[in-house]
Amino acid sequence: MRYITIIMLLLLSGCGGGNRQPEPVTNPYVDRVQTLHASGVAMLQRERWTAAEKTFGRALVAAQLADDSALIARSWYNLGVVRAARGNRQKAEEAFMQAMAIAERHGHKETYMRARFGLAMSR
């Protein structure tokens with residue numbers, strides 16, 4: 001009987017799990033946005049406007065899926081840059097305005113200032 005009690009105590013002590021911390025949840029869309037932004041910037045540098053605009057559009061969708069306001073504002077800003085480079089002033093201004101609105105609402109001062117400057121330069 002004593003051995004059964006000892007075995008039961010050992011088994012129950014193993015069920016406690018200790019102080020193991022759960023692994024942090026990572027959002028795969030955040031990594032996707034970072035990759036797309038880097039690709040889009042490389043395309044901008046090579047003056048591949050159409051491909052850059054498509055890439056930044058995909059980055060915007062991924063940022064929205066990630067629900068990350070900083071990445072959403074940055075994606076809108078990047079779309080504004082490429083649209084301005086393509087000569088599409090109206091769409092560039094719309095993108096810069098979106099970036100400014102999101103950045104201001106969420107306190108992303110640097111993106112707000114960049115978008116404001118982009119808007120001023122596109123006019």
Side-chain angles (χ1 to χ4, degrees):
M1 183 71 166
R2 186 173 183 190
Y3 292 113
I4 293 175
T5 305
I6 293 172
I7 291 172
M8 291 298 283
L9 286 173
L10 287 173
L11 288 174
L12 288 174
S13 68
C15 294
N19 291 333
R20 193 174 133 185
Q21 296 290 334
E23 292 190 29
V25 178
T26 56
N27 191 329
Y29 292 110
V30 171
D31 291 334
R32 179 87 172 128
V33 174
Q34 300 292 355
T35 301
L36 289 168
H37 279 181
S39 296
V41 169
M43 290 173 199
L44 276 176
Q45 291 171 342
R46 287 184 255 142
E47 297 180 4
R48 296 184 58 212
W49 313 124
T50 303
E53 186 170 8
K54 286 180 184 178
T55 301
F56 289 136
R58 290 171 42 210
L60 176 61
V61 170
Q64 290 168 334
L65 289 170
D67 196 27
D68 187 316
S69 62
L71 293 176
I72 294 169
R74 188 167 139 205
S75 297
W76 276 114
Y77 168 76
N78 287 337
L79 276 169
V81 169
V82 73
R83 289 172 178 172
R86 292 185 77 183
N88 193 338
R89 194 176 118 214
Q90 181 180 355
K91 287 199 173 214
E93 289 178 3
E94 290 171 7
F96 287 134
M97 296 286 280
Q98 284 281 2
M100 286 172 55
I102 293 166
E104 185 175 37
R105 188 175 323 124
H106 296 281
H108 306 299
K109 293 177 184 177
E110 185 176 323
T111 302
Y112 177 82
M113 292 305 294
R114 285 181 180 180
R116 188 172 171 187
F117 181 73
L119 181 63
M121 294 301 292
S122 68
R123 290 186 171 175

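For reference, positions follow the sequence shown, starting with 1. This structure is a prediction, so every number in the text was calculated from the model and none was measured.
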Open item on the list: Would a single hydrophobic cluster contain both M43 and V41, if residues Ile, Leu, Val, Met, Phe, Trp and Tyr are joined by side-chain heavy-atom contacts under 4.5 Å?
Closed with: no
Task: Close side-chain approach of E93 to R89, heavy-atom, < 4.5 Å - done: yes
Open item on the list: Taking W76 as the starting point, is it possible to reach M121 by hopping between hydrophobic residues whose side chains are less than 4.5 Å apart?
Closed with: no
Task: Heavy-atom side-chain proximity of L44 to W49 below 4.5 angstrom - done: yes
Task: By salt bridge (Lys or Arg N to Asp or Glu O under 4.0 Å) - contacts of E110 (at least two apart) - done: R114
Task: Within-4.5 Å side-chain heavy-atom neighbours: V61 and L65 - done: yes
Open item on the list: Minimum heavy-atom separation for L79 and F56, please, with both atom names.
Closed with: CD2-CB, 3.7 Å
Task: Contact check, side chains of V81 and F96, non-hydrogen atoms, under 4.5 Å - done: yes
Open item on the list: Around atom CG of D67, are there more than 12 heavy atoms from other residues, nucleotides or ligands closer than 6.0 Å?
Closed with: no
Open item on the list: Are the side chains of H108 and S69 in contact, using a 4.5 Å heavy-atom criterion?
Closed with: yes
TODO: Measure across A99 and A115 and return the closest heavy-atom pair with its distance rounded to 0.1 Å.
DONE: CB-CB, 3.8 Å
TODO: Can you see which heavy atom on P28 is nearest to which on T26, and at what distance?
DONE: CD-O, 3.5 Å
